[in-house]
S.K.: 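I have a structure here, written as structure tokens, and I will follow up with some questions on it.
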Amino acid sequence: MEIAEFVKENIKKAVNDIYNMHVDDILVEHPDKEMWGDFSTNISLKISKLVNQSPMEIANKLCYKLRGYELTEVFEEVYYVQPGFINFRLSKEWLQNVPLLVNTGLNDYGKGEIGEGKRIALEHSNVNPNKATHIGHLRNACVGQFVERVYEFLGYNVEVQYYSNDLGVQVATSMMGVEKIKDIHSKDYEKYDHYAWDIYSRMETLLNNNADLALEREDLLKKLEDPNHPISKKQKKLAFKILVENLKTFQDLGFDYDVVVNESDIVNLKLWEKTFEMLKNNDNIYLAKDGVSKGCWLVKLSANKNSIDKTGDNYHEEDKIIVRSNGVPNYTGKDIAYHMWKFGLLGIDFNYVKLDTGTQTKQLWITSYLPQNVNENITFTGVDIVFDVIDVKQTYAIEAVKTSLAYLGFKDQSTNMKHINYGFVYLSRETAGELGIDISDNKDKYGMSGRKGWGIKIDDFIKMVDKKLLDNYGATDSLRIVRNGAIKFEMLKYNTFQDLVFDLKGSLDIKGYSGPYVQYTFARTNSLLEKSQGYLEKMFNMNKKLLINSNLNEKELSLLRWIYRFPEIVKKSASEFAPNALCEFLFELCHRFNSFYNDEPILNAPSDKEKFLRLNMTKSVNVILRNGLFLLGIEAPSRM
RNA sequence: GCACCUGUAGCUCAGGGGAUAGAGCAGUUCCCUUCUAAGGAAAAGGUCGCAGGUUCGAUUCCUGCCAGGUGCGCCA
């Protein structure tokens, strides 16, 4: 049992013993200050009115009772203070045992089994295959990889899906651009997707100024719905070429996927048709007979909303369109079909082909509508849980998908579908200016836009970070590892749900609260352990009782008080989809270790007792940092 | 119009019904003949947007304002 739960159970028992009363919502937390112990509860303040006694009086009685229970092995002190908090201080022996347990469990510290092998389909990255990836996509991928790893760590079976929209307007635009814009050439670009980046924004500009071209694109989009049309094959080829380039960028940063799902295959394999048959027969999905959405199919969402403005230009349809009046489903429509497939509700599966980009570490598959000769029994349908890492702006569209599943009677699936929304990535005013974006309107942040060609390509950002590291520290073996650590930590250290204002200068200023700081601390622990020449292993068979140190100093205690919290932080960051909580924990751990390292000799500790304890703590920090960084998608360099 | 998000130190952000509101950066000081200075230590920096309400207690919850952002497209 986790220690906080253990405390709660005991408080429950004490309250019951004294007041003959059941309390369920007991708050047990780590107090802000160490002088208030390791755990504290406000229970006396909470029940004061109920039992008609002063909080201090209650706290006094509870403490007396608690001290009579078998808490003493864990806590050396249970006491209360004004205005009635009860504080628990962990015993030094218990604290010292944690590193021993960490090091006995080898590299599994923090792992859990709560997932029970349940399958999760995790969708992230999802770049439209018509241009280069930019730092907005980067945030998506970083959050996605964190979720992948932390849920795997807790015993789930996570399958990472990369949804490739190879049918949309964007790809059609890029294809028109490739045909029509002849003064720039792919061979002049380092990567094909960089060429496509320029083509796309140039073509958008052309389309905005020419109505005929816009009509041409409409026509093209219709043709693309037919997989057998020659133009369709051509587009698929272009989208694939760009997809592979995008994947190379992601894989340079260590992102891996299990399967790429092509939007075109959702249409070609009639996943949509089958879904639409079910939707059509549902009362909550209807065909608009008149109004602005005449001829479209819509999902009712109005039940949740209060009112709408139906006047003039401000008219907004509150229900969500899923099929256009020309009969073609839009993104949301296809997304419903996609999710029906994820949960295995259609009885149809894709065919799969191996996709070798040359840089993935695990086997990658891509869907196909054509039958394949694959020996392996591979499938990605029929999962228990669905996580979608999609930006906050799409909350409404995803609600429509969730609601549709519920309308069709798939209530559990609807509940088990979680939108992991993350805030949009903006460019700071300064950075936008450097990219040549017009900043005369004096805003403090600027949205990126593929259509306008505004944004920082991930590949370019990687190069800038590399250069910065090279300038500062010279060429080292760990350059790529440190660069990836810097980039990913930067993307994950902020609250995921909030917008992020990306400033190039700031993000290249790598010090303090950063990935390399954590990596550096890891390298430090590694160096110490190497120099200890197996001291821990030699001492490990000794009677631990003889090695218990009763005079722990402040720095040792401070570090020990952080080491035991790792498992609870892992669970918290997973359940709240909060990588930043883990980032902060690791940073604080490093800070405590570095402070300890600065003040106390480890290898030259004055006694065996101290050396054993200090090296054990060093080893624990080493394990936690490696595991913690891994969850963030970051490698721990043995040397820096 | 309706809905959602945000407002905390000069800047970027944590936190969150309680006990003295925390970091990093920038700026001011110290510490490498000593286990990796990509480090450590010290001082300084705040009416937690404003006004009410609920509460023993509000920066945190509720309401109303003010300011910024986003969504409600036959785009994805």
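In what follows, every chain begins at residue 1, and chains take the letters A, B, ... in the order their sequences are listed.
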S.K.: Considering only side-chain heavy atoms of Gln498(A), which listed nucleotide, rG40(B), rG24(B), rA14(B), is closest?
M.R.: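 Nearest listed nucleotide: rA14(B).
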S.K.: Considering every strand shown, what is the Watson-Crick or G-U wobble mate of rU70(B) when both distances are under 3.5 Å?
M.R.: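 Per the H-bond distance test, rA3(B).
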S.K.: Would you indicate whether the side-chain heavy atoms of Ser164(A) and Val261(A) approach each other to under 4.5 Å?
M.R.: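 Heavy-atom side-chain distance check fails, nothing below 4.5 Å.
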S.K.: Using a 4.0 Å heavy-atom cut-off across all strands, classify Phe85(A) as base, sugar-phosphate, or nothing.
M.R.: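 Answer is base: heavy atoms of Phe85(A) come under 4.0 Å of a base.
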S.K.: Mind checking Lys294(A) for me? I need base, sugar-phosphate or nothing, with any heavy atom below 4.0 Å counting as a touch.
M.R.: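 Since a base atom lies under 4.0 Å of Lys294(A), the category is base.
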S.K.: Within the structure shown, what part of the strands sits under 4.0 Å from Ser325(A) by heavy-atom distance: base, sugar-phosphate, or nothing?
M.R.: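 The answer is base, as Ser325(A) lies within the cut-off (heavy atoms under 4.0 Å) of a base atom.
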S.K.: Just call it for Lys493(A): base, sugar-phosphate, or nothing, with non-hydrogen atoms closer than 4.0 Å on any strand.
M.R.: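 Nothing, no heavy atom under 4.0 Å.
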S.K.: From the options rC75(B), rU36(B), rC25(B), select the nucleotide whose nearest atom is closest to the side chain of Ala523(A).
M.R.: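 The listed nucleotide nearest to Ala523(A)'s side chain is rU36(B).
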S.K.: Check for me: is Tyr473(A) stacked on rA38(B) by the 5.5 Å centroid and 30° plane-angle rule?
M.R.: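 Here the ring of Tyr473(A) and the base of rA38(B) are stacked, with centres under 5.5 Å and planes under 30°.
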S.K.: Please give the nucleotide sitting opposite rG22(B) as a Watson-Crick or G-U wobble pair, both distances under 3.5 Å, or none.
M.R.: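 Paired with rC13(B).
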S.K.: With a 4.0 Å cut-off on heavy atoms, is Tyr513(A) in touch with a base, just the backbone sugar-phosphate, or nothing at all?
M.R.: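 It contacts sugar-phosphate atoms only.
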S.K.: Which is true for Ser40(A) with a 4.0 Å heavy-atom rule: it touches a base, it touches only sugar-phosphate, or it touches nothing?
M.R.: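 If one applies the 4.0 Å heavy-atom cut-off, Ser40(A) turns out to touch a base.
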S.K.: Indicate syn or anti for rC32(B), taking the glycosidic torsion and treating anything within 90° of 0 as syn.
M.R.: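 Syn, angle within 90° of zero.
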